[in-house]
Amino acid sequence: MTPFLLDAPLRVYIENNRARDLAYYVTEDAVRRALAGVVELSVVVDRYRGEVDAATLSQCDLLIGAAFETDAVRSHGKNLRLVHSTSAGVEALLPLNWLPEACVLTNSSGVHADKAGEFGLLALLMLNDHIPQHATSQRAHIWRRKLGTPIRGKRVLIYGVGALGGGVARNARLLGLEVWGVRRSAESHPDVDSMFSPGDLDAVLPEVDFLVVTAPLTTSTRGAIGPAQIDRMKPGAGLVNMARAPIVDYESLARGLREERLSGAVLDVFEPEPLPPDAPWWDVPNLAVIPHVSSDNADDYITQSLAILRENVRRMRTGEALVNVVDGDAGY
């Protein structure tokens, strides 16, 4: 890829979404601060999703946002050189047939690791001490004692050991858990004691006390934790989903919880979101409903995302390989 010319000011288009929390709002000032000293900016345009400024977009080099209006980008983004997603998950943007020629899509994978690692630790401790079950008893006004055992020495399987899963693995080791992992490459990880490939999933599920789902949603992970996998989980095991809802069959999970084959679940992701008031998951026993807040830092989420952008703009100007480039075939 040809680097940006040092004497060519960068034109930036920001697409925000009114429906999202302000923690995800990208301001012109934030972009200027992030790129200060790396490139000169001539234009920074802030628009909301659904309010496309086609004429301006057609003149811009860089697009920043989350769930872009891909039809508008296809029609008016011919001059774009880089599209940066402030989200890590990009399944809503696939396939990449809307991406202009000679343009690259990057994501914000990695910005969630610290917060996700902390939440993963919290969720594992909640499951180990039967907190979802105690919450169910509280709602029913039932005094039901359930003694727990120390978590040290138990085994957790992390399905998807990328940035998110790696953060969970690091903190799980602090608890004294034996950490197993599943990743597409089966490549080792410093915080995982034993790594497996997706083909090994069915064999290892009966051996773990906790299953934590942190994989991206792709064609290969969609439905990966289905009825057969739920049935193969160890009696009394618990499940955490911090990734995407379609990876796990929630109907089968709910059945396992109602039958008390599984001890509890902590779910941070649903489909659709927001979760409707009449959704069945609110009332499943021993299930904690978390409103998709496990992994995002309320104070500096966008600052961290724009730090990735800054590094890539620097690399584009020097001709270096970019980081966080989305592989359309892999799905992340």
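On a predicted model such as this, the values are computed, not experimentally measured, just so you know.
Distance check, rounded to the nearest 0.5 Å: CG of Asp249 to CD of Gln229 gives 9.5 Å. Rounding to the nearest 0.5 Å places CD1 of Ile142 at 13.0 Å from NE2 of His134. Taken to the nearest 0.5 Å, the CG atom of Leu177 stands 4.5 Å off from the CD1 atom of Ile151. For the atom pair OG (Ser137) and NE2 (His130), the distance works out to 11.5 Å, reported to the nearest 0.5 Å. Expressed to the nearest 0.5 Å, how far CZ of Arg255 lies from CG of Leu262 amounts to 10.5 Å. Taken from CD in Gln133 to OG1 in Thr136, the straight-line distance is 7.5 Å, to the nearest 0.5 Å.
For Arg139, the CZ atom is densely surrounded, since the number of other residues' heavy atoms within 6.0 Å is greater than 12. Under a cut-off of 6.0 angstrom, the local environment of CD in Glu320 is crowded, with over 12 non-hydrogen atoms contributed by other residues, nucleotides or ligands. The number of heavy-atom neighbours closer than 6.0 Å to CZ of Arg32, taken from other residues, nucleotides and ligands shown, is above 12. The neighbour count for Gln138 CD, taken as heavy atoms of other residues, nucleotides or ligands under 6.0 Å away, does not exceed 12.
Counting heavy atoms from C-beta on, the side chains of Val161 and Thr214 never come closer than 4.5 Å. Using a 4.5 Å heavy-atom threshold, the side chains of Ile14 and Val44 count as touching. Counting only heavy atoms from C-beta outward, the side chains of His76 and Pro100 never approach each other to under 4.5 Å. Ser295 has its side chain within reach of Leu164: a pair of non-hydrogen atoms, C-beta onward, lies under 4.5 Å apart. For the pair Arg310 and Arg33, the minimum side-chain heavy-atom distance is 4.5 Å or more. A heavy-atom distance below 4.5 Å is not found between the side chains of Leu122 and Leu125. Two residues are said to be in side-chain contact when any heavy atoms from C-beta on lie closer than 4.5 Å; Val212 and Met242 meet this criterion. The shortest distance between side-chain heavy atoms of Val240 and Val168 does not fall below 4.5 Å.
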Please tabulate, one pair per line, all N/O donor-acceptor pairs under 3.5 Å involving side-chain atoms of residues 187-196, not counting sequence neighbours.
{"from": "His189", "atom 1": "ND1", "to": "Asp191", "atom 2": "N", "distance (Å)": "3.0"}
{"from": "Asp193", "atom 1": "OD1", "to": "Arg173", "atom 2": "NH1", "distance (Å)": "3.0"}
{"from": "Asp193", "atom 1": "OD2", "to": "Val179", "atom 2": "N", "distance (Å)": "2.8"}

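Salt-bridge check for Arg261 with Asp231: passed, with a basic side-chain N closer than 4.0 Å to an acidic carboxylate O. A salt bridge is absent between Asp283 and Arg258; no separation between the charged side-chain nitrogens and carboxylate oxygens falls under 4.0 Å.
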Worked verdict on Ile225 versus Asn241 for side-chain contact (heavy atoms from CB on, under 4.5 Å): CA-CA 10 Å; Ile225 313 299; Asn241 189 1; over 6 Å; no

Test side-chain contact (heavy atoms from CB on, under 4.5 Å) applied to Val208 and Lys234, step by step: CA-CA 6 Å; Val208 301; Lys234 183 179 182 179; 5.9 Å; no

Working for side chain to side chain donor-acceptor pair (under 3.5 Å), residues Thr56 and Asp53: CA-CA 6 Å; Thr56 303; Asp53 183 338; 2.8 Å; yes

Test salt bridge (charged side-chain N to carboxylate O under 4.0 Å, His left out) applied to Glu15 and Arg47, step by step: CA-CA 5 Å; Glu15 182 178 298; Arg47 293 290 184 271; over 6 Å; no

Residues Phe119, His112; criterion side-chain contact (heavy atoms from CB on, under 4.5 Å); working and verdict: CA-CA 10 Å; Phe119 184 88; His112 307 81; over 6 Å; no

Arg314 vs Glu311, salt bridge (charged side-chain N to carboxylate O under 4.0 Å, His left out): CA-CA, chis, key distance, verdict: CA-CA 5 Å; Arg314 185 195 69 77; Glu311 175 61 15; 2.8 Å; yes

Stepwise side chain to side chain donor-acceptor pair (under 3.5 Å) check, Lys154 with Thr149: CA-CA 10 Å; Lys154 295 182 181 179; Thr149 57; 2.7 Å; yes

Audit row: His84, Asn312, side chain to side chain donor-acceptor pair (under 3.5 Å) steps and yes/no: CA-CA 9 Å; His84 180 65; Asn312 274 333; 5.3 Å; no

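Apart from Val83 itself, the hydrophobic cluster it occupies contains Tyr13, Val43, Val45, Val52, Leu57, Leu63, Phe68, Val73, Leu80, Val90, Leu93, Leu94, Leu96, Trp98, Leu99, Leu105, Val326, where clustering links Ile, Leu, Val, Met, Phe, Trp and Tyr at side-chain heavy-atom distances under 4.5 Å.
Put simply, the side chain of Asp61 never gets that close to the backbone of Arg81: no donor and acceptor are under 3.5 Å apart. A side-chain donor-acceptor contact under 3.5 Å links Asp268 to the backbone of His292. Between the side chain of Thr86 and the backbone N or O of Gly65, at least one donor-acceptor pair lies under 3.5 Å. Side-chain atoms of Ser263 come within 3.5 Å of backbone atoms of Gly236 as a donor-acceptor pair (strictly under, hydrogens ignored). Side chain of Thr221 to main chain of Thr218: a donor-acceptor pair is present (N/O by atom type, distance under 3.5 Å, no hydrogens or angles). Without hydrogens or angle criteria, Lys115 side chain to Val111 main chain gives no donor-acceptor distance under 3.5 Å. For the pair Asp296 (side chain) and Val293 (backbone), a donor-acceptor distance under 3.5 Å is absent. Side chain of Glu273 to backbone of Phe270: a donor-acceptor contact under 3.5 angstrom is found.
The two residues Trp282 and Pro277 have their closest heavy-atom pair at CD1-O, 3.5 Å. In terms of heavy-atom proximity, Leu217 sits nearest to Glu91 at O-CB, 3.7 Å. Residues Ser305 and Ser108 come closest through the heavy atom pair OG-OG, 2.7 Å. Residues Ala163 and Ala113 come closest through the heavy atom pair O-CB, 3.6 Å. Scanning both residues, Pro9 and Ser42, for their nearest heavy atoms gives CB-CB, 3.4 Å. Here the closest heavy-atom approach between residue Pro132 and residue Met126 is recorded as CD-O, 3.5 Å.
Residues Ile230 and Ile247 share a hydrophobic cluster, clusters being chains of Ile/Leu/Val/Met/Phe/Trp/Tyr side chains in contact below 4.5 Å. In the hydrophobic clustering of this structure, Val313 groups with Val12; members are Ile, Leu, Val, Met, Phe, Trp, Tyr whose side-chain heavy atoms approach within less than 4.5 Å, directly or through other members. One hydrophobic cluster, built from ILVMFWY side chains closer than 4.5 Å, holds both Tyr250 and Tyr159. Clustering ILVMFWY residues whenever any of their side-chain heavy atoms sit less than 4.5 angstrom apart, transitively, puts Leu257 in a cluster other than the one holding Leu127. Under the 4.5 Å side-chain contact rule for hydrophobic residues, Leu82 and Tyr332 do not share a cluster.
Looking at residues two or more places apart in sequence or on another chain, you find a salt bridge (Lys or Arg N to Asp or Glu O under 4.0 Å) between Glu178 and Arg155.
Taking the six-membered ring where the residue is Trp, Tyr24 and Tyr301 present perpendicular rings, their angle passing 60° and hence far from 30°.
Asp46 and Asn16 share a side-chain donor-acceptor pair at under 3.5 Å.
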